[in-house]
Visitor: 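What follows is a structure written as structure tokens; I'll ask about it next.
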Amino acid sequence: MSAAEKKIMKYFRRAVIDYDLLGDEQGVLVGLSGGKDSLAAYLKLLEWGVPKEKIELWHHDIDGGHPERRMDWPVTQSYVEAFAKAEGVHLRKSWRVNGFWGEVYRQGA
């Protein structure tokens, strides 16, 4: 791990654990793309002792729910859903109407 990565991890850990920002009403959001970085962030939180009940996974569907559009891998949606279910962690999903290409070709933008 590089010095910059170590510094980021130090501050992240301090914010989450040492300063106890996880009060009764608060938690940690993990932007879950399904890739290695977001999975590593989730696993690191568990390693630091953050209870699963305090973690919420958020996934943004870049395809906007259109099965024929493929900015993401075809399995991404089912993968993130299966991962959240297997881990017993709440998953929220978001998307832009018509997805990425709808934004690219939106008139008057």
Side-chain angles (χ1 to χ4, degrees):
M1 183 180 304
S2 72
E5 290 170 321
K6 287 179 184 177
K7 186 176 182 180
I8 290 168
M9 291 303 284
K10 174 185 162 190
Y11 288 117
F12 181 65
R13 185 181 195 290
R14 191 170 73 196
V16 173
I17 305 300
D18 297 343
Y19 289 159
D20 192 23
L21 294 178
L22 301 175
D24 289 339
E25 301 298 321
Q26 296 176 321
V28 178
L29 303 177
V30 176
L32 182 67
S33 67
K36 65 185 183 313
D37 297 328
S38 57
L39 295 178
Y42 168 75
L43 294 172
K44 189 54 111 173
L45 290 170
L46 295 180
E47 183 180 300
W48 286 339
V50 176
K52 285 184 179 183
E53 305 81 54
K54 295 282 188 178
I55 301 172
E56 192 168 280
L57 304 173
W58 285 29
H59 175 73
H60 183 75
D61 177 3
I62 198 159
D63 293 316
H66 290 280
E68 70 276 3
R69 296 186 179 145
R70 287 290 170 226
M71 287 297 291
D72 258 334
W73 291 99
V75 299
T76 300
Q77 297 305 315
S78 57
Y79 175 76
V80 296
E81 290 169 5
F83 179 81
K85 184 177 179 180
E87 286 296 307
V89 177
H90 182 69
L91 172 68
R92 289 184 188 256
K93 295 195 296 183
S94 64
W95 59 88
R96 296 288 304 216
V97 173
N98 296 317
F100 175 80
W101 291 112
E103 288 299 300
V104 168
Y105 296 115
R106 184 165 48 113
Q107 297 295 316

Visitor: Checking side-chain hydrogen bond (donor to acceptor under 3.5 Å, both in side chains) against His59, which of Arg92, Lys93, Gln77 comes through?
Guide: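 So the option named by the test is Gln77.
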
Visitor: Quick one: does Val50's side chain get under 4.5 Å of Ile55's, heavy atoms only?
Guide: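 Side-chain contact under 4.5 Å: yes.
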
Visitor: Under the side-chain hydrogen bond (donor to acceptor under 3.5 Å, both in side chains) test, which residues partner Glu53, sequence neighbours left out?
Guide: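 Residues passing side-chain hydrogen bond (donor to acceptor under 3.5 Å, both in side chains) with Glu53: none at all.
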
Visitor: If you group Ile, Leu, Val, Met, Phe, Trp and Tyr by side-chain heavy-atom gaps below 4.5 Å, do Trp58 and Ile62 land in one group?
Guide: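 Shared cluster, no.
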
Visitor: Under the rule for side chain to side chain contact (heavy atoms under 4.5 Å, CB included), what residues qualify as partners of Ser2, not counting sequence neighbours?
Guide: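 For Ser2, the residues satisfying side chain to side chain contact (heavy atoms under 4.5 Å, CB included) (neighbours in sequence not counted) are Ala4, Glu5.
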
Visitor: Can I get a per-line list of side-chain donor-acceptor pairs under 3.5 Å for residues 83-91, giving both atom names and the distance, sequence neighbours left out?
Guide:
unit_1 : atom_1 : unit_2 : atom_2 : d
Glu87  : OE1    : Tyr42  : OH     : 2.7
Glu87  : OE1    : Lys52  : NZ     : 3.2

Visitor: Please determine whether residues Val30 and Tyr79 belong to a single hydrophobic cluster, defined as Ile, Leu, Val, Met, Phe, Trp and Tyr linked transitively by side-chain heavy-atom distances below 4.5 Å.
Guide: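 Yes, Val30 and Tyr79 fall within the same hydrophobic cluster.
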
Visitor: Give every residue pair that meets the salt bridge (Lys or Arg N to Asp or Glu O under 4.0 Å) criterion with at least one member in residues 34-46, sequence neighbours excluded.
Guide: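 Pairs touching residues 34-46 that pass the test: Lys44-Glu47.
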
Visitor: Only counting residues at least two apart or in another chain, list the ones meeting side-chain hydrogen bond (donor to acceptor under 3.5 Å, both in side chains) with Ser38.
Guide: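 Applying side-chain hydrogen bond (donor to acceptor under 3.5 Å, both in side chains) to Ser38 gives Ser33.
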
Visitor: With sequence neighbours left out, what residues match Ser94 under side-chain hydrogen bond (donor to acceptor under 3.5 Å, both in side chains)?
Guide: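 By the side-chain hydrogen bond (donor to acceptor under 3.5 Å, both in side chains) rule, Ser94 matches His60.
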
